[in-house]
Structure formats: C-alpha cells, structure tokens
Protein chains: 2
Amino acid sequence: MKLNRESEYGIRALIFLARQGRERVLMASTVAQEQDLPQGFLAKIFQKLTRHGVLRSYRGKQRGYALARPPEEIALKEVVEAIEGPDLMDRCIFWSNRCPTSTPCLLHEWYKEIKPQFDQMLSQTTLAAVVQQEASLSALRPAIEPKQAG
Amino acid sequence: MKLNRESEYGIRALIFLARQGRERVLMASTVAQEQDLPQGFLAKIFQKLTRHGVLRSYRGKQRGYALARPPEEIALKEVVEAIEGPDLMDRCIFWSNRCPTSTPCLLHEWYKEIKPQFDQMLSQTTLAAVVQQEASLSALRPAIEPKQAG
DNA sequence: TGATCAGTAGATTAAAAAGGTCCTTTACAT
DNA sequence: ATGTAAAGGACCTTTTTAATCTACTGATCA
C-alpha cells in the first residue's frame with residue numbers, strides 16, 4: 001500500500017489546483033514552480049491524472065490543466081490509483097508488491113481484515129476534504145517553515 | 001508500515017524454530033540452509049532478535065539459537081519492531097518514513113484513524129498463531145511448488 | 001503554412017534504498 | 001590455550017524509485 005513520491009506530488013498539485021478554483025487552467029510548469037516540484041516529473045504525473053479523468057488538459061492558447069470535476073466529487077482513491085496503478089489495493093500493506101493471492105505472504109490473512117478500512121477511507125475521502133484539512137493545518141504551522149514535503 | 005525482507009526472513013526462520021520445539025537450539029547456518037535463506041543475512045537478523053529478547057543465543061558445544069520464550073508469548077509486534085526498529089508504528093502507512101509528527105504528511109490525519117487497528121493486530125497476533133496459520137496454508141498448497149517466498 | 005509552445009509518450013540516466021557479503025573481533029565450553 | 005560460531009561493523013551489489021531527456025502531436029496565430 002505504500003505510496004511513492006508521485007502520489008505526494010500529485011496530491012500537492014491537485015490541492016493547489018483545487019484552491020485556484022475548478023475552472024482555472026494552469027500549465028504544469030506553473031504549478032511545478034509554485035509548488036516547488038520538479039517540472040518534468042510533474043508533467044508525467046499530470047499525464048496519468050489526465051488519462052484517468054482526474055484532470056483535463058487543454059492545448060492551444062489557453063493551455064494547461066484543470067480539474068476534470070469539482071474536488072467534492074474526486075475521491076482520493078481515484079487519484080492514487082491513477083498514479084500508482086489500478087492494483088494498488090491488491091498490494092499487501094506488509095510487503096508491498098510481493099503478495100499474489102495464489103501464494104500469499106505470511107501475514108496476508110491478517111491484512112485481509114484491515115484492508116476494507118483502507119478501501120473505505122480512500123473511497124470516502126474527497127480531494128475537497130484534503131484541501132480543507134491541509135488548510136487548517138497550515139494555519140497552525142509556524143510561518144518560518146516554507147513549502148513542506150509530506 | 002511497509003516491512004522489508006528482513007522481517008519476512010525473520011518470521012520464516014522463527015516459524016521454523018517454533019516448529020522444532022521451543023528448547024531446540026539450532027545454528028543460524030542450519031536454519032538458513034533448511035529455509036533456503038542467505039545465511040550471512042539471516043545471521044544479522046538473528047542478532048537483532050537476540051538483542052531484543054526474542055531469541056536466545058548459545059555458545060560452546062551446543063551452540064546456536066532458540067526461542068527465548070514459548071511462541072504463544074511472542075507477539076508479532078515484538079518481532080517486527082526488533083527487526084525494523086522501535087519506530088515502526090510511527091511510520092505512516094502511506095509514505096513510510098517521511099512523516100514526522102511535527103510536519104505530518106498530507107494523509108496523516110487519516111492514517112491516525114487506521115493506525116490503532118494495526119497496533120492491535122500486531123500486538124495480539126502471536127508467533128504461535130502465525131505458525132498455525134502457515135501450517136493450514138501449506139496443507140492446501142500443491143506439493144509441486146517448493147519453499148515459497150512471501 | 002510554418003513557427004511556436006505545451007501537452008504526450010517512451011527511453012534513458014541518476015540517485016537512493018534495500019539486500020547481501022565479507023572480514024575482524026569476541027565470548028565461551030571444552 | 002584452542003576452536004567454533006556468535007557479534008558487529010564496513011563494504012559491495014542489486015533493485016527500485018526519482019527524475020531528465022528526446023522526439024513527436026496538436027492547436028494557435030503571424
């Protein structure tokens with residue numbers, strides 16, 4: 001279940017986009033600059049998100065990306081599955097990708113009990129909720145520390 | 001929360017030792033051979049487990065390792081914390097080791113809700129339970145496939 | 001119509017963890 | 001004392017993850 005940095009960057013970028021208002025179209029390079037993310041890398045992430053219908057891309061004059069739907073309708077699960085791959089939930093929490101159902105890992109039986117909790121959390125939490133949570137958090141945090149990694 | 005291969009090997013080896021009966025003293029190299037694990041690497045793991053009181057080491061003629069206590073009294077949590085470090089439970093499930101409480105990750109708030117489930121599972125599951133589970137599993141599995149990784 | 005600029009996509013490289021070995025020292029029963 | 005494996009640290013190798021590069025596509029506008 002462990003997520004990689006792409007998911008972190010992706011969520012950060014989506015939060016940023018959500019804050020701009022749903023309609024606002026921004027170039028990947030702009031978001032990268034504002035959020036201090038590697039721009040080529042972010043471009044890749046945006047491509048995945050676009051392919052999976054989380055973002056919408058635009059070409060031509062008013063080019064860039066915008067949220068495909070309002071953040072209240074985008075579940076976190078969608079986002080992370082778009083980035084990490086559709087088999088994310090099949091990965092065991094204990095030994096990420098070495099746990100096929102045919103030859104399950106030693107703790108698979110116990111993972112099965114916890115898994116639904118995860119699924120539910122990721123399905124029910126929307127991007128809007130993360131935005132809100134993030135806002136209340138940065139309100140408390142001292143202003144000295146600049147942009148912070150997860 | 002993701003565990004590394006040391007934990008896998010460690011648990012496999014402990015299962016093996018538990019099956020031999022609690023008192024039986026076996027050398028690391030023997031266990032490595034029997035369970036098809038890299039022996040130098042396993043030696044390292046055994047050292048950690050010994051330091052944390054899961055195994056007991058013996059020197060002299062009857063040398064090697066044995067379980068320090070009966071498997072019914074060894075919680076999985078003890079084992080994995082011995083191997084992965086005492087901060088295991090502090091690691092976020094989402095972004096393993098980059099989530100200090102001072103600057104929590106974007107999903108930390110949601111992890112906090114799930115965390116107790118984990119703790120409970122690892123605390124309550126004993127080595128004996130894993131042995132039993134593993135036994136019932138291998139009884140079902142076709143005999144063709146030999147020693148299987150997690 | 002062709003110059004431009006960012007999105008699309010895959011290949012490639014670089015950096016960082018993880019996995020595993022080796023070698024030297026220590027402890028202990030004989 | 002001696003021999004043996006445990007103990008522990010330094011080191012090397014492999015794998016995974018992160019990030020860059022290069023070439024291509026499509027929409028605008030001079």
Which other residues end up in the same hydrophobic cluster as B:Met27, if Ile, Leu, Val, Met, Phe, Trp and Tyr are linked when side-chain heavy atoms come under 4.5 Å apart?
none
Which pairs pass salt bridge (charged side-chain N to carboxylate O under 4.0 Å, His left out) with one or both residues in residues 50-59 of chain B, sequence neighbours excluded?
none
Rounding to an integer number of Å, can you tell me how far B:Glu8 CD sits from C:dA18 P?
15 Å
Degree of bending in the helix from C:dT1-D:dA30 to C:dT30-D:dA1 once both end axes are built from five pairs, to 10°:
0°
Within less than 4.0 Å of OP1 or OP2 of D:dA7, is there a side-chain N or O belonging to B:Ser57?
yes
If I take atom CH2 in residue A:Trp95 and atom P in nucleotide C:dG19, what distance separates them, rounded to the nearest angstrom?
11 Å
For D:dA7, does either OP1 or OP2 sit under 4.0 Å from a side-chain N or O belonging to B:Tyr65?
yes
Under the rule for side-chain hydrogen bond (donor to acceptor under 3.5 Å, both in side chains), what residues qualify as partners of A:Lys48, not counting sequence neighbours?
A:Glu6
Residues in contact with DNA chain D, drawn from residues 37-54 of chain B - heavy-atom cutoff 4.0 Å:
B:Lys44, B:Gln47, B:Thr50, B:Arg51
Does any pair with a residue in residues 22-75 of chain B pass ring pair (Phe, Tyr, Trp, His ring centres under 6.0 Å), and if so which ones, sequence neighbours excluded?
B:Tyr9-B:Phe41, B:Phe46-B:Tyr65
Any residue meeting side-chain contact (heavy atoms from CB on, under 4.5 Å) with A:Thr125, in chain and number order, not counting sequence neighbours:
A:Leu76, A:Met121, A:Ala129, A:Val130, B:Trp110
With nearest nucleotide decided by heavy atoms, which residue, A:Lys61 or A:Tyr9, maps closer to the 5′ end of DNA chain D?
A:Tyr9
What's the CZ-C1' distance between B:Arg63 and D:dA7, to the nearest Å?
15 Å
Applying side chain to side chain donor-acceptor pair (under 3.5 Å) as the test, list every pair that has at least one member in residues 67-81 of chain B; sequence neighbours left out.
B:Arg69-B:Glu78, B:Lys77-B:Asp119
Can you list everything that forms a ring-ring contact (aromatic ring centres under 6.0 Å, His included) with A:Tyr111? Sequence neighbours excluded, please.
A:His108
Take atom NZ of A:Lys2 and atom C1' of D:dA18, then tell me their distance rounded to the nearest Å.
11 Å
Give each protein N/O atom lying under 3.5 Å from an N/O atom of nucleotides 23-26 of chain C, with the pair distance.
unit_1	atom_1	unit_2	atom_2	d
C:dT26	O2	B:Arg59	NH1	3.4

In whole Å, what is the span from the OH atom of B:Tyr58 to the P atom of C:dA29?
12 Å
Using atom CZ of A:Phe94 as one end and atom C1' of C:dA18 as the other, report the distance to the nearest whole Å.
20 Å
A:Gln47: which residues meet the side-chain hydrogen bond (donor to acceptor under 3.5 Å, both in side chains) condition with it, sequence neighbours left out?
none
Main-chain N/O of A:Asn4 paired with B:Trp95 side-chain donor or acceptor, under 3.5 Å:
yes
Do B:Arg12 side-chain atoms and B:Gly10 backbone N/O form a donor-acceptor pair below 3.5 Å?
no
Is the shortest heavy-atom distance from the side chain of A:Val80 to the side chain of B:Phe94 under 4.5 Å?
no
Spacing between A:Gln62 atom CD and D:dG26 atom P, to the nearest angstrom
21 Å
Let's see if you can work this out: which of C:dG19, D:dA7, C:dG20 has an atom nearest to the side-chain heavy atoms of B:Asn4?
C:dG19
Rounded to whole Å, the CZ-P distance (B:Arg5 to D:dT13) equals 18 Å
With sequence neighbours excluded, residues passing side-chain hydrogen bond (donor to acceptor under 3.5 Å, both in side chains) with A:Gln20:
A:Arg24
